[in-house]
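Reading through the structure tokens given below for one structure.
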Protein chains: 2
Amino acid sequence: MLTRSSTELVRQQNSALVLAALRRQGALSHTELSARTGLASATVSAITAELERGGVLERQEQASAGGRGRPRVLFRQKRDYGHILTVRISSDAVQYSLADYAGMLIDRFEEPRQHADPSTAHFIDALRAGLAKTLQRSRLDRARVLEVSISSKGIVDPASATLVWSPVFGLDEIDFAGVLGEWRSVTLSNETLLVAHALGLRAEPASGLTRRLAALSLGHSVGLGIANLHATGEIEVSAPNFGHMLHAADGKVCRCGAQGCIEASAGFYGILRTAFEVPPDTIPAKFVPLAEMEKIAQRARQGHRMSEYAFRQAGLALGQGLSRVLSLYGSMPVTITGPGTRFLDLLSRGLEEGLRQSQQVRLNGMPEISMVPEEATLVFEGHVDRALTRIDRLLASERPLAEGETA
Amino acid sequence: MLTRSSTELVRQQNSALVLAALRRQGALSHTELSARTGLASATVSAITAELERGGVLERQEQASAGGRGRPRVLFRQKRDYGHILTVRISSDAVQYSLADYAGMLIDRFEEPRQHADPSTAHFIDALRAGLAKTLQRSRLDRARVLEVSISSKGIVDPASATLVWSPVFGLDEIDFAGVLGEWRSVTLSNETLLVAHALGLRAEPASGLTRRLAALSLGHSVGLGIANLHATGEIEVSAPNFGHMLHAADGKVCRCGAQGCIEASAGFYGILRTAFEVPPDTIPAKFVPLAEMEKIAQRARQGHRMSEYAFRQAGLALGQGLSRVLSLYGSMPVTITGPGTRFLDLLSRGLEEGLRQSQQVRLNGMPEISMVPEEATLVFEGHVDRALTRIDRLLASERPLAEGETA
DNA sequence: GGAATTTTTCTCGACAGTCGAGAAAATAGA
DNA sequence: TCTATTTTCTCGACTGTCGAGAAAAATTCC
């Protein structure tokens, strides 16, 4: 807000506005653009003409709209303006996806993580190879990739694209921007932050004032993302370090090295430890197969006391943690995602118990809790929308004056 | 960001920029304004001329600067452009202050709360009377008061100026905007939020990227404010409901009605309850005189076990709570204010113990903790700066075209 | 088939704002 | 009194948005 403003800046702003409208609503005609953005028709003309010259937008002659009068021509993002490449790092695999400037998925494949050599150096080599493979598979030139968008669980410094702490690499920092210096732009996001963003995108239509929502990802680890939906249509997200927030000084060792983290009770390895009555100070398993969890759940559902108890304790840790988050950020609906959603029936009792304890919930009532198991889709949607929105904004600011800059 | 922009908006923005510079830096000359805002000299001329016409700014002919050349003339906020009135509601008294448009304190007095009739209806009458008295004492017309800025501890809805929950009135909501409809503008802020804002103001000079700081207010109740210091000079604050965040399911009854709130352990009444070994499910005292607390502290310092324990438990609740806040918001320095600072020697052991437990602190180290006992001053500074900044912004947007609109 | 109607897109001149450069003002020193 | 210096003010150029009306391109009516 408190920064110098000028007429050029006005144009930037309004160009970004037009691009954002097309991004959210799909192809729009001149008049629709004018209506949605609130800009005068003449201004829309000026902006679209410029973006068209720059190869960013293209016209799509509409076959026949039916009504009479001059037919509308729709503007839309030109698909081949550029591409983005998303990389989703998870504990067992790395997923590479390629999408075009319109957000269309073009190619996707997955590479299993090499558990034989878990060093970061080796991982970086594999990452480089994976990116090269993506280009090769689609016969794409690296210069055409506008951004490489990477996601991981853990603590992330988005400014420097550095992974500060992650369940996979621990304290081995990875500076992705540095390591992938040959790529035009590299960004790193917390995975659950992307989930929250995607949920915000899906929820958006019902707009009013600025609203909030939370995404809670349950799996081997526990992640939280919070999205602020502004009245302007912007989505602002953050990823508080929820999984390793202190739950209780109960001595349960977490794989981060601390004790009493929420994850130490509610992560898969925490549940397993309690169910099998392993001492709480035992260093947790690196990875728990989902099948193993299903077995414990099966037994819990059949009435096995300790398994049931493990899930209830996990729910309690999540519920108390959430109640604290709601105290600090205010009430908001919570959507639970990830493989842990399969066990929600076993978690919910503890979850509700934990939530009910705080003043916040007593005042504003229980938060609305819903479930979207398909986490991977949400992560991809978040990747794509955030990367393309960033590109749109950049594009609006560095006026593409030159002709045919694109190809 | 995503809203229509126009050349008029540019002017608004830049006018606000000029006003903000004068607000922060004091009187500035034409050239200094140009340098600090980054605006061209011609633009500064246009803006100052308009604001001068509107009676917002005035020139101060500088006596003699010493150097040669044409002497500078300083612009500054015209003190009599208007006034603001701040009201600080605390559990035992209400403080009224009057300040002018330059932020200068003009008058201040305090009215004790009537404990005989603690009803909200009676309080509102007293508030009205207090405001009237302020006008009368300074022989001021109500129309000259640009804003009434009220603060209280508790949960506040700033949009509607409604006190949702407070230690003083409980769930009796007070809609200040409605109740004080005859005043031009009425705002309500959480008290510790204002403290955080004021600390942000004081800290600002050392700027870089966007930074954060927290204010922790210790007294009969416990409050937290978080300030985001943006690189642009803006200060964005929030007041998470820290005092009533769940500390532990230990059954300690809080005066909010819930159990296990931080305040139930770390508020004065919580400390007193533990020190005197009163059962934790006892409804807490409405008010604990500071002298009483000093006595407990005295005994604790002399080695009385239970008193010492009470303070340590209070510190632990604060430390664990802070460690949770730092997990969620990231590391930041913490400044402790309020009467509770007197007992920091007794609290610090538990405080550090609680902080040390989380992954966040293990990763980023202990937060820097400092102390500013003079809370009342900070609250006033926060009131004034926030109110005047709001007025400046409003002023920049509703172009004062009319001549001599002020008086 | 051609004119009228309708709807959309494009274009032109007016207006608001910022900017750079240089003129004008006001002082100190020679 | 004249000159150098510093600051403030003013003018014309430039960029951008806006409203109104012209131009374009279809359907419908006769």
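Chain letters run A, B, ... following the sequence lines, proteins first, then strands; residues in each count from 1.
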Closest to the 5' end of DNA chain D, once B/Thr48 and A/Ile47 are matched to their nearest nucleotides, is B/Thr48

With no hydrogens and no angle check, do the side chains of B/Ser151 and B/His383 hold a donor and an acceptor under 3.5 Å apart?
yes

request  = Indicate yes or no: does A/Asp385 engage A/Arg202 in a salt bridge with an N to O separation below 4.0 Å.
outcome  = no

Here the distance between atom P of C/dC10 and atom CD of A/Glu50, to the nearest Å, is 15 Å

With sequence neighbours left out, the residues meeting salt bridge (charged side-chain N to carboxylate O under 4.0 Å, His left out) with A/Arg79 are A/Asp100

Separation of C/dG17 atom C1' from A/Gln12 atom CD, nearest Å, is 16 Å

Worksheet entry | Any A/Thr43 side-chain nitrogen or oxygen under 4.0 Å from OP1 or OP2 of D/dC18 | yes

Double-helix bend of the helix from C/dG1-D/dC30 to C/dA30-D/dT1, axes at both ends from 5 pairs, round to 10°, gives 30°

Between CD of B/Glu52 and C1' of D/dC9 the distance, given in whole Å, is 13 Å

Would you tabulate the nitrogen or oxygen pairs shorter than 3.5 Å linking the protein to nucleotides 4-8 of chain D?
| unit_1 | atom_1 | unit_2 | atom_2 | d |
| --- | --- | --- | --- | --- |
| D/dT6 | O2 | B/Arg70 | N | 2.8 |
| D/dT7 | OP1 | B/Arg72 | NE | 2.9 |
| D/dT7 | OP1 | B/Arg72 | NH2 | 2.6 |
| D/dT7 | O4' | B/Arg70 | O | 3.4 |
| D/dT8 | OP1 | B/Val73 | N | 3.1 |
| D/dT8 | OP2 | B/Thr31 | N | 3.0 |
| D/dT8 | OP2 | B/Thr31 | OG1 | 2.8 |

B/Arg11 CZ to C/dC19 P, in whole Å, measures 11 Å

From the candidates C/dC12, D/dT17, C/dC19, the one with an atom nearest any side-chain atom of B/Ala42 is C/dC19

Residue set satisfying salt bridge (charged side-chain N to carboxylate O under 4.0 Å, His left out) with A/Arg23, at least two apart, ordered chain then number -> A/Asp392

By salt bridge (charged side-chain N to carboxylate O under 4.0 Å, His left out), B/Arg59 pairs with (sequence neighbours left out) B/Glu52

C/dG17, OP1 or OP2 - any side-chain N/O from B/Asn14 closer than 4.0 Å? no

Correct closest heavy-atom pair for A/Ser138 and A/Asp107 would be OG-CB, 3.9 Å

So, A/Thr48 and A/His30: side-chain donor and acceptor under 3.5 Å apart, yes or no? no

ask   = Thinking salt bridges, do B/Glu234 and B/Arg393 make one under a 4.0 Å N-O criterion?
value = yes

By nearest-heavy-atom nucleotide on DNA chain C, the more 5' of B/Ala46 and A/Ala46 is A/Ala46

Taken in chain and number order and not counting sequence neighbours, the residues that satisfy salt bridge (charged side-chain N to carboxylate O under 4.0 Å, His left out) with A/Arg184 are none

